[in-house]
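Quick notes on the structure that follows.
In this chain, residues are counted from 1 in sequence order.
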Amino acid sequence: MIVAYATSIAAVYFLLTPLKELFRVSDFENYWLLTQQFLAKENPYDFEKLVAASVHGNVGPAHFGPWVYILFLPILSWSFETSLFIYFVVNITAWCGLGVVAANLFAPRKLALSEAALSSLLFTPAFLTFFYGQWSIIVAIFGYLALFAWKRGLYPLCGAMLACATIKPHLGFLVWAALVVLAVIQRRWSVLGAGAITLGVLTGTSELLFPGITSNWLNAFSSSLGWKTASLIMPIRLAFATPADPYPAIPAIVIPLIILWGVCTFFSKKDEFSLLPASPYLFALSCLFAPYIWPFDYTVMIGLHFAIFHSATAEDEQRTSLNRVLLLIFSCVFFLHFFSENQTLALSTYWYPIALLYLYARTRSDSVAR
């Protein structure tokens with residue numbers, strides 16, 4: 001049913017030429033061009049070739065590993081229009097599926113599949129992935145499936161999904177790190193083994209299709225720390241700016257590493273069941289302190305959305321309803337905020353993870369009171 005629903009929506013988008021043209025200047029075009037270069041055995045990490053192949057020149061250099069091309073070949077190896085159609089089907093299906101998985105992990109009460117899928121559509125950060133042709137929904141569902149597999153004791157599946165989430169490893173990086181630490185402490189070696197095998201197979205397949213692609217990636221690898229981002233790292237860096245170094249990189253390296261060390265140390269002393277209750281906090285903190293992140297990447301916080309919106313009925317129904325209303329208001333304001341014409345203002349949406357943390361803590365307080 002969800003796939004049929006997604007296909008219908010994708011068909012509408014596919015038939016509307018203005019929307020197709022919108023994606024000609026999105027990150028989707030960037031990924032599609034990179035994949036086409038990969039298939040043609042032209043170095044996708046050669047930025048000059050990428051710009052020359054672009055119709056509008058609105059492209060950026062590739063930073064992700066060569067294993068990512070194999071994951072997206074089923075979507076991006078076709079013509080632009082066909083790939084775009086498949087992109088919509090996959091992303092809308094993944095969006096609804098993400099809601100089902102997130103509800104299973106974090107909703108305080110059991111939800112019907114249709115209710116969980118529809119609730120996910122109220123989470124506005126995911127909308128932005130369609131405006132920009134991004135993959136944040138797919139990254140999020142891989143990560144949430146890893147947590148779901150961990151919860152069910154499906155450790156090889158957990159490792160495989162965690163490996164696939166390395167499309168953008170910085171999203172939810174504190175959660176992924178805690179999961180790896182617990183796997184080591186608990187000797188769940190199948191998590192690490194399946195993760196390594198998955199990355200090895202994907203990278204090996206990429207190397208077979210395009211010999212030398214891995215070395216091209218390593219040679220072209222460069223830091224993205226010069227980008228302005230939607231995390232607390234941005235105002236901290238601006239606070240330490242000097243005329244000679246207007247956007248210093250040190251805070252974007254040191255602060256996440258300190259927080260990462262603290263989280264790993266904390267979970268090295270915890271049992272295997274402590275990760276899921278802490279995950280909503282860790283997702284929000286990951287968004288707040290990632291070296292680079294954008295508002296559409298806040299999709300990984302969908303677990304907080306479900307925990308707040310579907311909190312069990314409290315004795316004080318008015319307070320519970322207020323939490324839900326505030327959640328929707330914050331989500332709408334966040335959505336509008338992002339479309340500011342000023343780039344720095346548009347990326348100052350780091351108040352949103354803080355707002356969700358506040359509402360989650362408030363909801364948890366209600367649960368304790370019950």
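Listed for the Tyr87 side chain is a donor-acceptor partner under 3.5 Å among the backbone atoms of Gln134. Counting only distance, with no hydrogens or angles, the side chain of Thr363 and the backbone of Leu359 share a donor-acceptor pair below 3.5 Å. The backbone N or O of Leu145 sits nowhere less than 3.5 Å from a side-chain atom of Trp150 that would complete a donor-acceptor pair. At least one donor-acceptor pair closer than 3.5 Å links the side chain of Ser286 to the backbone N or O of Leu174. Within the 3.5 Å criterion, the main-chain N or O of Asn104 finds a donor-acceptor partner in the side chain of Lys151. For the pair Ser215 (side chain) and Gly212 (backbone), a donor-acceptor distance under 3.5 Å is present. With hydrogens and angles ignored, the 3.5 Å screen pairs no side-chain donor or acceptor of Thr166 with any backbone N or O of Pro169. When atom types are taken as modelled, the side chain of Thr129 and the backbone of Ala126 share a donor-acceptor pair closer than 3.5 angstrom.
Ring centers of Phe64 and Tyr69: under 6.0 Å apart, within the cut-off. In summary, the aromatic rings of Tyr132 and Phe338 are positioned with their centroids under 6.0 Å apart.
To the nearest 0.5 Å, the span separating CD1 on Ile86 from CG on Asn91 amounts to 12.0 Å. A distance of 13.0 Å separates CD1 of Ile75 from OG1 of Thr82, quoted to the nearest 0.5 Å. Expressed to the nearest 0.5 Å, how far CD1 of Ile329 lies from CZ of Arg324 amounts to 14.5 Å. How far CZ of Phe339 is from CG of Leu128: 5.5 Å, rounded to the nearest 0.5 Å. If you take OH on Tyr292 and NZ on Lys168, they are separated by 8.0 Å, rounding to the nearest 0.5 Å. If you take OG on Ser279 and CZ on Phe106, they are separated by 4.5 Å, rounding to the nearest 0.5 Å.
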Checklist entry - Are Ser206 and Phe38 close enough, and set up right, to give a side chain to side chain contact (heavy atoms under 4.5 Å, CB included), and what steps lead you there? => result CA-CA 9 Å; Ser206 179; Phe38 171 79; 3.4 Å; yes
Next on the checklist: Pair Phe306, Ser120 - check side chain to side chain contact (heavy atoms under 4.5 Å, CB included), show working.
Outcome noted: CA-CA 8 Å; Phe306 273 90; Ser120 68; 4.2 Å; yes
Item to check | Intermediate values then yes/no, side chain to side chain contact (heavy atoms under 4.5 Å, CB included), Val191 and Cys158 | outcome: CA-CA 6 Å; Val191 173; Cys158 174; 4.2 Å; yes
Checklist entry - Between Tyr352 and Met301, does a side chain to side chain contact (heavy atoms under 4.5 Å, CB included) hold up when you go through it step by step? => result CA-CA 10 Å; Tyr352 183 67; Met301 293 192 296; 3.9 Å; yes
Checklist entry - Where do Phe72 and Tyr31 land on the ring-ring contact (aromatic ring centres under 6.0 Å, His included) test, with the steps shown first? => result CA-CA 9 Å; Phe72 287 137; Tyr31 301 145; 7.1 Å; no
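Using cut-offs of 30° and 60° on the angle between ring planes, the pair Trp351 and His337 is parallel. Phe334 and Tyr298 have tilted rings, their planes meeting at an angle from 30° to 60° on a 0 to 90° scale. The aromatic rings of Phe309 and His305 sit parallel, their planes meeting at an angle under 30°, below the 60° perpendicular limit. Trp95 and Phe127 have perpendicular rings, their planes meeting at more than 60° on a 0 to 90° scale where under 30° would count as parallel.
In this structure the side chain of Val180 never reaches within 4.5 angstrom of the side chain of Trp176, judged on heavy atoms. Two residues are said to be in side-chain contact when any heavy atoms from C-beta on lie closer than 4.5 Å; Leu209 and Ile70 meet this criterion. Within the 4.5 Å cutoff, no side-chain heavy atoms of Phe123 are placed close to those of Leu98. For the pair Leu122/Leu327, no side-chain contact is recorded, criterion being any heavy-atom separation below 4.5 Å from C-beta on.
Cluster membership for Tyr247 and Ile250, using ILVMFWY side-chain heavy atoms within less than 4.5 angstrom, is not shared.
Residues Ala103 and Ala116 share a closest heavy-atom pair of CB-CB, 3.8 Å. Among all heavy-atom pairs drawn from Leu76 and Gln36, the shortest one is O-NE2, 2.7 Å. When all heavy atoms are compared, the tightest approach of Pro295 to Leu347 is CD-CD2, 3.8 Å. Considering all non-hydrogen atoms of both residues, Phe80 and Trp32 come closest at N-CZ2, 3.4 Å. Taking both residues in full, the closest heavy atoms of Tyr144 and Gly303 are given as OH-N, 2.9 Å, listed atom of the first, atom of the second, then distance. Contact between Cys287 and Val300 at its shortest, heavy atoms only, is SG-CG2, 3.7 Å.
Residue Pro125 forms a side chain to side chain contact (heavy atoms under 4.5 Å, CB included) with just one option from Asp297, Thr349, Ile137, Thr299, and that option is Thr299.
Around atom CH2 of Trp261, no more than 12 heavy atoms belonging to other residues, nucleotides or ligands sit under 6.0 Å away. Within 6.0 Å of CG on Leu345 lie more than 12 heavy atoms contributed by other residues, nucleotides or ligands.
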